[in-house]
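Please read these numbers as outputs of a predicted model, since none were measured by experiment.
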Amino acid sequence: MRAGRRRFTRRDRLTREEEFRRVFNRPRRLHHDAWVTLFKANDLRYPRLGLAISRKSVPTAVARNRVKRVVRESFRLNRHRLGGFDIIILARRGLARRENRALREALERDWTTIEQCKDC
RNA sequence: AGAGUCGGCCGGGCAGUCGCUGCGUCUUUCAGGCGUGGAGGAAAGUCCGGGCUCCAUAGGGCAGGGUGCCAGGUAACCCCUGGGGGGCGCGAGCCCACGGAAAGUGCCACAGAGAAUAGACCGCCUAAGCGCCCACGGGCGCCGGCAAGGGUGAAACGGUGCGGUAAGAGCGCACCGCGCACGGUGGCAACACCGGCGGCACGGCAAACCCCACCCGGAGCAAGACCAAAUAGGGGGGCGAUGGUGCGGCCCGUACCGCCCCCGGGUAGGUCGCUAGAGGUGCGCGGCGACGCGCAUCCCAGAGGAAUGACUGUCCUCGACAAAACCCGGCUUACAGGCCGACUCUCCUA
RNA sequence: UGGGAGAUCGUCUAGUGGCAGGACCGGAGCCUUUGAAGCUCCAGACGUAGGUUCGAAUCCUACUCCCCCAA
């Protein structure tokens, strides 16, 4: 399981509608100008990631895929720090213009916030 | 050297580390290891055409829609190729919804005399006929004639010249233009050329209705098929007036729903459909070409909130537009920069 | 992903080949002691680019944007 620490499989993602609905209902929020990070404790011992990147917030498919990859990569490298939380990244207008590096650095601050919230 | 035209192609490279995913294989399973493959020329817009699936085997008629010079290519096309005609350019070349207005209906505002069986505002004429005057040259009026000139308009019923005339007029003639269901020659044809005939008749609009020729059944992979818990759905046979549904607007036609008898499993979830194909590449042959034929060879994404990335180093010209979702052929639109080939014009030098 | 509608003043709309009209809002004036209401006047638009036509908001083509349906 040591090798799987930095893996990221379907098990680690939110896929069903009800999983998304559960998190959207009264989550903790971290607001940014181009996206919102929602998170909520789950019953598992590991974190799961959901992506809500709409066509309206990020118009082109290429930019949409790029954003999702950066977010997933950041989550993959940091998930060992996070506890049992379901996390959703909700895109807002302007996220497409964000540089990869800037987005990554901001996300790392979010992970730290969630990590420190482990007991709450 | 400069300016330009056409056609084709590329769309950051390399190395390392950590990841995602299809397939194959191995480990006893959960899970992993190894190998291998993994977005585009437009994957886009969804504007056309097909394949595929179900509805009847895709039927008949009306309605509706599409295409529109000719020939060819193709599975098919609103595509492509070659040719004809017209327009633009010095040229290489480029552009064109390019059938029919002597089948019918309709429209052509305003202006203008007149807008489609032409017409007379200004104007030109006074020869013939009638009347009056007369200085016997003629003058005036009536009845009339004309369409050359002006003017209006997007458009006014051939143009120029000569003859002709009272003034004029295709009224006559020459040339040009135009027309012909005329003849000949060339061409599969569109059409071209030559000759003949016709004094000229036939304004424009069919992206107005329409006519002619040809084509088009409807839905769409959320199609459709299979597996599979609960409140009864499906198959076969017989009967059948109305109505409803498949079926898209209608009618015909056809199948089913309805009632009786006999046999027996649908929605939430999963699996298949899902990628080997009108396929790519190379060579040869046929063809001006689009393309076709033959041989060899290759297997080249199949996900399901949706996979190709991230980080580091390095090099350069510092990286545009942009992500498959059943598949294919086109069209259209977006696109940093670069490469190759063919050709045209101008200038300079030899 | 597939299918289907639409775009006219700031807003809601009429116009379907020849004048772009109406209502609300806005501006100015009249009326009133003042305000509201009322009356008069004014300003303001055919999504973009081509084509057909003498002439296009209207017909045709391409593009852009917005909306709806199927989950």
Give the rounded distance in Å between these two atoms: [atom1] of [X] and [atom2] of [N].
X: A:E105; N: B:A310; atom1: CD; atom2: P; result: 15 Å
X: A:F75; N: B:G309; atom1: CZ; atom2: C1'; result: 17 Å
X: A:L49; N: B:G19; atom1: CG; atom2: C1'; result: 15 Å
X: A:L77; N: B:C20; atom1: CG; atom2: P; result: 11 Å
X: A:H80; N: B:G19; atom1: NE2; atom2: P; result: 13 Å
X: A:L90; N: B:G305; atom1: CG; atom2: C1'; result: 14 Å
X: A:R76; N: B:U308; atom1: CZ; atom2: P; result: 11 Å
X: A:L103; N: B:C311; atom1: CG; atom2: P; result: 11 Å

When the [atom1] atoms of [M] and [N] are compared, how many Å lie between them, rounded to an integer?
N: B:C274; M: B:C300; atom1: C1'; result: 16 Å
N: B:U105; M: B:G100; atom1: C1'; result: 16 Å
N: C:A23; M: C:G55; atom1: P; result: 34 Å
N: B:A325; M: B:U74; atom1: C1'; result: 29 Å
N: B:A174; M: B:G68; atom1: P; result: 46 Å
N: B:C216; M: B:C108; atom1: C1'; result: 36 Å
N: B:A167; M: B:A127; atom1: P; result: 11 Å
N: B:G329; M: B:C9; atom1: P; result: 14 Å

For [N], measure the glycosidic angle (O4'-C1'-N9-C4 for a purine, O4'-C1'-N1-C2 for a pyrimidine) and name it syn if it falls within 90° of 0, otherwise anti.
N: C:G4; answer: anti
N: C:U52; answer: anti
N: B:A128; answer: anti
N: B:U53; answer: anti
N: B:G264; answer: anti

Tell me every residue that passes side chain to side chain donor-acceptor pair (under 3.5 Å) with A:D110, counting only those two or more places apart in sequence or in another chain.
A:H32, A:T37
Take A:W35 and A:V71, measure what side-chain contact (heavy atoms from CB on, under 4.5 Å) needs, and give me the verdict at the end.
CA-CA 11 Å; A:W35 77 94; A:V71 172; over 6 Å; no
Strictly by Watson-Crick or wobble contacts shorter than 3.5 Å, is anything paired with [N], and which nucleotide is it?
N: B:G309; value: B:C18
N: B:G32; value: B:C26
N: B:U346; value: B:A1
N: B:U160; value: B:A174
N: B:U185; value: B:A192
N: B:A334; value: none
N: B:C318; value: none
N: B:C339; value: B:G8

Does some side-chain heavy atom of A:L38 sit less than 4.5 Å from a side-chain heavy atom of A:R28?
no
Can you confirm whether A:L107 sits close enough to A:R104 that some side-chain heavy atom of one is under 4.5 Å from a side-chain heavy atom of the other?
no
Do the side chains of A:R48 and A:D86 get close enough for a salt bridge, i.e. N-O under 4.0 angstrom?
yes
To check you understand the geometry: which heavy-atom pair defines the closest contact between A:S74 and A:E108, and what is its length?
OG-CG, 4.4 Å
Of all heavy-atom pairs linking A:L82 and A:E115, the shortest is CD2-N, 4.3 Å
Considering only heavy atoms, which members of residues 63-71 of chain A lie under 4.0 Å from some atom of RNA chain B?
A:N65, A:R69
At what distance, to the nearest 0.5 angstrom, does CG of A:L30 lie from CH2 of A:W111?
9.5 Å
Hey, could you give me the NZ/CD1 distance between A:K40 and A:I87, rounded to the nearest 0.5 Å?
14.0 Å
Taking the nucleotide of RNA chain B with the closest heavy atom to each, which residue, A:A52 or A:E73, is nearer the 5' end?
A:A52
